[in-house]
Number of protein chains: 2
Amino acid sequence: MILEKKKAFSTFAVSKGLRSTRQRDIILDFFLSTHQHVSVEELYLKIKATHPGIGNATVYRTLKLFVEAGLAREILLHDGQTRYEHIMAGEHHDHLVCTGCNAIIEFEDETIEKLQNEIATRHGFMIRSHKLEIYGLCVNCRK
Amino acid sequence: MILEKKKAFSTFAVSKGLRSTRQRDIILDFFLSTHQHVSVEELYLKIKATHPGIGNATVYRTLKLFVEAGLAREILLHDGQTRYEHIMAGEHHDHLVCTGCNAIIEFEDETIEKLQNEIATRHGFMIRSHKLEIYGLCVNCRK
DNA sequence: CTGCTTTTGAAATTCATTTTCATTTGATGT
DNA sequence: ACATCAAATGAAAATGAATTTCAAAAGCAG
Ligand SMILES: [Mn+2]
Ligand SMILES: [Mn+2]
Ligand SMILES: [Zn+2]
Ligand SMILES: [Zn+2]
């Protein structure tokens with residue numbers, strides 16, 4: 001799976017005429033080995049620990065490439081930091097976001113997806129994508 | 001409806017021990033008379049034209065009060081500016097966003113809301129709010 | 001290796017939003 | 001109306017994420 005994504009990025013890079021660099025390899029490795037929904041700063045700090053030479057501008061730039069390449073999706077929560085999560089071809093999920101501890105739980109619901117299609121049809125709308133985020137308190141944070 | 005909201009804010013202000021100020025009245029008037037999904041800067045500039053004395057910090061501060069008061073909701077699109085839209089206490093809607101012409105169609109779906117509650121319950125999660133945005137092409141833009 | 005172009009990192013910059021703080025203003029009591 | 005005192009305001013400074021700049025470094029084709 002990780003190998004697949006590396007190959008996918010390589011293919012993308014070639015098709016775009018991008019050069020293969022040490023930094024991009026490292027950033028991709030770290031991104032792929034990181035839990036979902038990393039902020040750029042988080043990823044940058046992790047990388048910096050073992051690769052102090054890499055600048056944050058490069059991390060910002062490279063994550064945008066991953067989005068272009070279809071490996072990552074940008075998500076905006078309400079904490080002022082852009083986060084990136086892994087996506088696999090064809091896969092989709094939505095998010096429960098805990099406003100207490102920032103935990104993110106992923107879920108899928110076929111019925112909701114179906115209802116969205118109906119709503120779109122009703123409005124003559126052709127769906128490209130959607131985003132459903134449910135905010136609240138997770139089990140640990142309620143009480 | 002505008003009167004209702006003014007009253008609602010007034011009630012909120014009283015309950016919170018907030019003072020009634022000229023600025024808040026003006027900002028509320030402008031907010032209520034503005035189309036949906038205004039950015040703070042947009043609203044500030046509009047106000048500034050006829051009320052040059054009002055500072056943007058006050059506009060920022062006041063819009064947050066409107067959210068607290070249940071009159072407004074904060075929306076994050078991908079343009080780096082926080083936007084606010086009108087809501088009525090207790091009312092809720094979601095968005096169909098046309099990526100062609102940026103039109104926004106609002107909708108409500110009780111079944112989806114219900115399913116969201118079930119999902120939340122299933123994960124021990126207490127819902128505070130949610131955001132559902134469906135991206136695609138509106139009737140005019142598909143052709 | 002050479003020459004050309006992309007990429008990079010550090011620093012500067014941008015831009016939205018927040019904070020600071022001196023001043024003004026609203027509310028309350030006299 | 002006046003005095004008092006906390007809350008609210010505006011201007012300016014500060015913050016912080018993200019982007020841009022640019023000289024130096026690195027990739028790649030020949
Ligand atoms: Mn996710
Ligand atoms: Mn709306
Ligand atoms: Zn939590
Ligand atoms: Zn459209």
Side-chain angles (χ1 to χ4, degrees), chain A residues 9-31 37-69 72-84 102, chain B residues 6 9-31 37-69 72-84:
Chain A
F9 183 64
S10 167
T11 305
F12 167 81
V14 169
S15 81
K16 282 274 178 177
L18 302 179
R19 291 180 181 172
S20 142
T21 70
R22 211 184 97 259
Q23 289 84 337
R24 284 177 184 154
D25 288 346
I26 292 168
I27 296 168
L28 182 52
D29 278 339
F30 272 82
F31 177 64
H37 320 114
V38 226
S39 74
V40 189
E41 189 65 11
E42 279 167 12
L43 189 62
Y44 167 61
L45 290 177
K46 251 174 211 164
I47 292 172
K48 203 174 143 193
T50 43
H51 300 81
I54 292 183
N56 63 346
T58 302
V59 179
Y60 275 98
R61 289 188 277 235
T62 304
L63 283 170
K64 297 203 156 186
L65 288 179
F66 295 167
V67 172
E68 254 195 276
R73 179 168 22 149
E74 201 179 289
I75 48 187
L76 297 181
L77 306 182
H78 284 74
D79 67 345
Q81 292 203 188
T82 301
R83 295 175 172 273
Y84 291 87
N102 295 315
Chain B
K6 288 197 185 189
F9 183 65
S10 166
T11 305
F12 166 81
V14 168
S15 81
K16 282 273 176 179
L18 302 179
R19 290 181 181 173
S20 140
T21 70
R22 212 184 96 258
Q23 289 85 335
R24 285 178 183 153
D25 288 346
I26 293 168
I27 295 168
L28 182 53
D29 279 338
F30 272 83
F31 177 64
H37 317 114
V38 226
S39 75
V40 188
E41 188 66 11
E42 279 166 11
L43 188 63
Y44 167 60
L45 290 177
K46 250 174 210 160
I47 292 173
K48 204 175 143 191
T50 44
H51 300 82
I54 292 184
N56 63 346
T58 302
V59 179
Y60 275 98
R61 291 189 275 234
T62 305
L63 283 171
K64 298 202 156 187
L65 288 178
F66 294 168
V67 172
E68 253 195 277
R73 175 157 50 135
E74 203 179 288
I75 303 189
L76 299 181
L77 305 181
H78 283 73
D79 66 346
Q81 292 203 187
T82 301
R83 294 174 173 275
Y84 291 87

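Just so we're clear, the structure is a prediction, and the values are computed from it rather than from any experiment. Labels below follow one simple rule: chain letters A, B, ... track the order of the sequence lines, proteins then strands, and each chain is numbered from 1.
The distance from atom CG of L65(A) to atom P of dA18(D) is 16 Å, rounded to the nearest whole Å. One can place CG of L43(A) at 13 Å from P of dA18(D), the figure rounded to the nearest angstrom. Rounded to an integer number of Å, the gap from R83(A) CZ to dA17(D) P is 11 Å. Here dG10(D) presents its C1' atom at 9 Å from CG of N56(B), a figure rounded to the nearest Å.
Checking side-chain atoms of T58(B) against main-chain N and O of I54(B) turns up no donor-acceptor pair under 3.5 Å. Checking side-chain atoms of R24(A) against main-chain N and O of R19(A) turns up a donor-acceptor pair under 3.5 Å.
Under the side chain to side chain donor-acceptor pair (under 3.5 Å) rule, K6(B) has a single partner from D25(B), D29(B), T11(B), which is D29(B).
In this structure, the side chains of H37(B) and I75(B) come closer than 4.5 Å at one or more pairs of heavy atoms. A 4.5 Å side-chain heavy-atom check between K64(B) and Y84(B) finds at least one atom pair inside the cut-off. Looking at F12(A) and L18(A), their side chains come closer than 4.5 Å, going by heavy atoms from C-beta outward. The shortest distance between side-chain heavy atoms of V40(B) and N56(B) does not fall below 4.5 Å.
Using a 4.0 Å heavy-atom distance criterion, K64(A) is classed as a sugar-phosphate-only contact. As judged by a 4.0 angstrom heavy-atom cut-off over every strand, S39(B) is placed among residues making no nucleic acid contact.
Ring geometry for F31(A) versus F66(A): interplanar angle of 30 to 60°, hence tilted.
For dT19(D), neither phosphate oxygen OP1 nor OP2 lies less than 4.0 angstrom from any side-chain nitrogen or oxygen of Y60(A).
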Practice prompt. Give the B/S/- string for nucleotides 3-9 of chain D, one per nucleotide from 5' to 3', where a protein heavy atom under 4.0 Å of the base yields B, of only the sugar-phosphate yields S, and otherwise -.
Written response: ---BBSB
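When DNA chain C is scanned in the 5' to 3' direction for atoms under 4.0 Å from non-hydrogen atoms of chain B, the outermost contacting nucleotides are dA16(C) to dA27(C).
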